[in-house]
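Below is one structure, written out as structure tokens; comments come after it.
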Amino acid sequence: MTFKLRPSTLALSIALALPAVCGAAAPVDTRLADWPRVTSAIKMDDAIEKRVKEIVGKMTLAQKVGQMTQPEIKTTRPEDVTKYYLGSVLNGGGSWPNNNKAADAKEWLALAQAYHEASMKTDMAIKVPVVWGTDAVHGHNNVPGATLFPHNIGLGAARNPQLMREIGAATARAVRATGIAWVFGPTLAVVRDDRWGRTYESYAEHPEVVRSYAGEYVKGMQGVFKDDANTIATAKHFIGDGGTKNGKDRGVTETPERDLINIHGAGYFPALEAGAQTVMSSFNSWTDTASGKEYGKLHGSKYALTDILKVKMGFDGFVVTDWNGIGEVKGCRNDSCAQAINAGNDMIMVPDDWKAFIANTIKQVEAGEIPMSRIDDAVSRIIRVKLRAGLFDKSPMQNAHAGKDDAMQARALARQAVRESLVLLKNEGPALPLKRGQKILVVGKSADELSNQSGGWSITWQGTATTNADFKNADTILTGIREAAGKDNVTFSLDAKGVDVSKFDVVIAVIGERPYAEGDGDIHPSGTLRHSSRYPEDLAVLKAVGGKGKPVVTVMVTGRPVFANDLLNLSDTFISAWLPGSEGKGVSDLLIEGQQRHDFRGVLPFSWPKSACQIKLNVGDKDYAPLFAYGYGLKVATRSKLGKLDESYPQGGCSAGNTFPVFSQADRLSYPLAIRSGQQTTVLGADLNASFKLPNITVTTAQVNTQQDAKLGAWTGPATLEARGARAIVLPSAALKDGALRFDTIVAKAPAGKVTISMRQGSTSVDLDATALFKRLAVGAKNTVAIPLSCFQAKGLDLARVDTPFAVTSDAAFSAAFANIEIAGGAAKEAGAVQCGELK
């Protein structure tokens with residue numbers, strides 16, 4: 001790279017090498033004492049600058065603010081582009097032309113062309129084309145039929161920068177096929193806490209991998225706009241999104257500026273040097289722990305967006321905000337934020353409230369809250385990028401790839417990426433690849449489920465609400481195994497129930513996380529990294545096939561490293577496949593012998609935890625002691641000797657805080673939900689699509705806070721919904737002080753009879769009459785209910801003996817959804833906590 005380093009920085013420069021495959025520690029790069037001046041591959045052009053000045057000089061204020069506004073296609077018709085001079089539109093995850101999930105390239109192109117033609121019908125002195133932006137974060141992932149590459153975490157395991165350039169180019173072609181000219185990628189986060197729900201969007205915990213990839217990806221995707229396939233790239237999210245406290249999405253990054261530069265800034269320098277023309281602001285806040293200064297939300301930070309990015313680093317493209325990001329700046333709303341514009345944001349992503357935003361911003365300029373010079377600078381940057389990208393020269397349909405579905409296909413490249421991303425962690429079973437002709441039992445929820453295989457940002461935002469049929473031109477891992485081994489040699493069972501394992505030569509278990517995106521994937525401090533606590537069905541299926549005299553090869557599909565010692569102990573071979581995307585045959589290429597022999601090449605991009613609470617585990621850290629070190633990865637000829645691994649984990653979670661999870665996304669196993677009616681009891685299984693029914697009660701999956709986080713109980717007569725464990729709870733002392741049983745709920749149907757909330761110790765139940773409580777909660781509204789533990793204790797409850805910390809019983813019609821059930825210290829003193837007198 002050709003950064004211009006200040007003299008004080010040169011003395012600090014150090015050589016930096018990638019860790020060896022065995023996981024040698026690598027130091028954090030500390031060579032930069034200040035933000036470097038970056039020389040972009042796309043130079044200032046006098047002719048373009050003259051034209052920018054001419055265009056902006058002939059624009060009205062309304063036209064300028066319109067250029068700075070980016071609404072979502074669900075709320076924006078082509079005629080709106082004409083009327084409001086809109087500079088851009090975007091489609092969010094799970095948003096498609098005409099709301100048609102199955103739209104092909106031609107239907108996407110038709111809408112893009114309509115928006116473009118609308119921008120050419122304005123009354124502007126010089127017409128400015130609209131630009132459409134999209135989140136193509138692992139291929140053109142909103143479009144069914146487009147190839148889905150492994151998510152970034154898997155690509156980080158491949159350690160192949162040239163592969164990144166090829167994937168960038170393939171993604172750009174796919175995007176251009178649909179008429180879109182701007183991609184919100186690459187993501188350059190360097191994740192420091194794996195509890196973050198966007199960990200899989202990061203290439204690695206070490207900044208050097210991110211540094212080695214960023215420029216290559218931009219070169220492949222955008223280049224210098226010499227090819228019809230080139231698409232505007234975005235370096236995101238500026239800056240420090242991977243370093244938030246407790247891995248909380250949109251949280252606070254507490255780090256000295258020097259680490260912000262050398263760790264979190266590592267990918268931005270090569271990305272901007274390669275010519276990335278847009279940068280996206282980050283949702284997180286930043287506190288400089290060296291100076292003690294709190295900069296607040298980066299969407300509102302002039303120091304970050306102007307002083308650092310534009311002045312010190314010399315970035316001359318434009319800055320775009322994230323989805324309603326301005327609304328998170330203190331004192332701002334989704335439709336109004338002078339501070340964000342003054343801070344240096346040039347284009348504002350306002351999905352829904354864009355008309356009000358335009359009106360409010362015009363008023364703020366007229367009132368002097370936003371200087372006209374700032375508006376002119378923002379619009380000049382937007383026009384500059386549009387001119388550089390050639391948007392003034394061609395409409396979407398004039399691109400060589402426009403409307404071509406086959407341009408969205410790069411299956412061989414994606415299959416190669418999958419092969420290179422797999423990491424062999426344990427190798428004590430049969431020699432891989434398995435010989436064709438062996439009888440294979442395949443089990444596990446992720447073997448034949450493309451949504452699990454692809455993760456979040458796959459057709460929909462969360463990657464949920466899809467079926468295999470939605471993924472055109474894709475193969476599951478099971479499909480690959482059947483083709484490679486011969487379909488007559490392969491038997492599939494989702495949960496292995498009733499299967500005689502002895503009839504098979506080998507078992508392949510494909511397990512892992514279900515899809516999630518952004519904050520919905522966060523692991524709360526009250527949880528642990530233990531995979532089985534969130535996905536008990538995976539432990540159950542391995543217990544069903546493990547120890548039966550047949551080798552078990554486990555393939556883990558996951559968006560982050562997890563504590564999986566119990567699963568490793570039940571497996572002879574253990575492979576991390578990350579989130580491989582649409583090409584499941586890339587996995588089977590390494591499992592089953594084929595015409596071409598492939599060995600494992602992937603090495604860990606993130607350190608793998610030895611215990612459930614190694615939540616901050618980064619190479620170079622003090623007392624660094626992972627189970628598998630950063631850079632670890634076996635070859636098929638290398639045998640491991642792990643022995644029996646410690647499976648213990650803290651019931652109360654990893655935090656020294658005051659919450660104890662009963663049933664939530666943090667822990668669904670320790671106190672599983674069940675329904676009880678008369679003498680019948682049914683434990684609710686892990687299948688989120690299943691309903692469970694006994695006389696007088698039916699339970700289905702619902703949403704209170706996030707997708708599929710809740711259980712909805714519908715009573716017609718006497719029955720109970722309860723969370724019961726195999727042993728008594730052991731509460732941390734912090735949870736006992738002013739503690740309360742707390743849960744989120746939405747009442748769907750008010751009680752027609754008596755409703756009780758109980759805690760039980762064996763066969764003894766301590767009941768509180770909650771009828772009045774549930775009757776006063778508004779139907780359809782979300783509520784957080786906190787019932788002081790003292791209410792139960794006053795009736796004789798011994799907290800040291802409780803094995804059922806939550807039970808709701810109704811004797812008549814009643815319906816409510818429940819989520820985030822926990823015991824929380826201090827909650828009894830919270831505003832709105834239930835008074836014991838109400839629970840007669």
Side-chain angles (χ1 to χ4, degrees), residues 524-527 651-653 655 657-676 704-705 709-711 713 720-725 727-747 751 754-762 764-777 782-810 814 816-840:
H524 190 271
S526 64
Q651 263 197 340
S655 70
N658 60 353
T659 56
F660 178 92
V662 173
F663 185 88
S664 67
Q665 290 179 313
D667 190 342
R668 294 188 173 104
L669 181 62
S670 297
Y671 294 88
L673 289 181
I675 50 177
R676 185 163 46 85
V704 170
N705 300 295
D709 70 330
K711 292 297 183 182
T720 299
L721 171 66
E722 61 187 12
R724 184 172 186 176
R727 57 183 181 270
I729 59 174
V730 179
L731 295 174
S733 58
L736 292 170
K737 183 175 175 56
D738 296 321
L741 173 63
R742 186 168 65 186
F743 54 88
D744 295 333
T745 186
I746 295 177
V747 175
K754 181 180 180 180
V755 177
T756 60
I757 290 184
S758 310
M759 285 187 167
R760 293 210 313 274
Q761 42 200 43
T764 303
S765 180
V766 176
D767 307 325
L768 301 177
D769 188 342
T771 309
L773 167 63
F774 283 106
K775 281 187 174 181
R776 71 169 168 83
L777 299 180
K782 173 192 163 183
N783 290 275
T784 296
V785 174
I787 300 175
L789 297 179
S790 60
C791 301
F792 295 98
Q793 290 173 304
K795 289 198 169 187
L797 181 74
D798 181 357
L799 282 171
R801 297 175 54 209
V802 170
D803 59 10
T804 305
F806 174 84
V808 177
T809 303
S810 179
F814 172 53
F818 299 92
N820 288 345
I821 306 168
E822 61 187 9
I823 295 174
K829 297 294 186 181
E830 292 177 350
V834 177
Q835 300 299 306
C836 295
E838 185 179 2
L839 305 168
K840 298 179 181 179

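Side-chain N or O atoms of D709 include none that pairs as donor or acceptor with a backbone N or O of N820 at under 3.5 Å. Side-chain N or O atoms of T756 include none that pairs as donor or acceptor with a backbone N or O of L768 at under 3.5 Å. Although no hydrogens or angles enter the test, the distance criterion places no donor-acceptor pair under 3.5 Å between the side chain of N783 and the main chain of V785. A donor-acceptor contact shorter than 3.5 Å links the side chain of K795 to the backbone of D767.
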Evaluation steps, side-chain contact (heavy atoms from CB on, under 4.5 Å), between M759 and I823: CA-CA 12 Å; M759 285 187 167; I823 295 174; 4.2 Å; yes

Worked check of side-chain contact (heavy atoms from CB on, under 4.5 Å) between F792 and L799: CA-CA 9 Å; F792 295 98; L799 282 171; over 6 Å; no

Worked check of side-chain contact (heavy atoms from CB on, under 4.5 Å) between I757 and F743: CA-CA 12 Å; I757 290 184; F743 54 88; 3.7 Å; yes

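Between R742 and A827, the shortest heavy-atom distance links the atoms NH1-CB, 3.9 Å. Here the shortest heavy-atom pairing between T809 and T720 reads OG1-OG1, 2.7 Å. Counting all heavy atoms, side chain and backbone alike, A807 lies closest to E722 at CB-CB, 3.8 Å. The two residues R776 and E838 have their closest heavy-atom pair at NE-OE2, 2.6 Å. Here the closest non-hydrogen pair linking P805 and A723 is CD-O, 3.2 Å. P788 and A828 get closest at one heavy-atom pair: CB-CB, 3.8 Å.
A side-chain donor-acceptor contact under 3.5 Å links T784 and D744.
In the displayed structure, E830 atom CD is contacted under 6.0 Å by more than 12 heavy atoms of other residues, nucleotides or ligands.
No side-chain heavy atom of R676 sits less than 4.5 Å from a side-chain heavy atom of R724. Counting only heavy atoms from C-beta outward, the side chains of C836 and S790 approach each other to under 4.5 Å.
In this structure, the separation between CZ on R727 and CG on D803 is 11.5 Å, given to the nearest 0.5 Å. We find the NZ-CG distance between K754 and D769 to be 5.0 Å, quoted to the nearest 0.5 Å.
Ring to ring, Y671 and F806 are not that close: their centroids are 6.0 angstrom or more apart.
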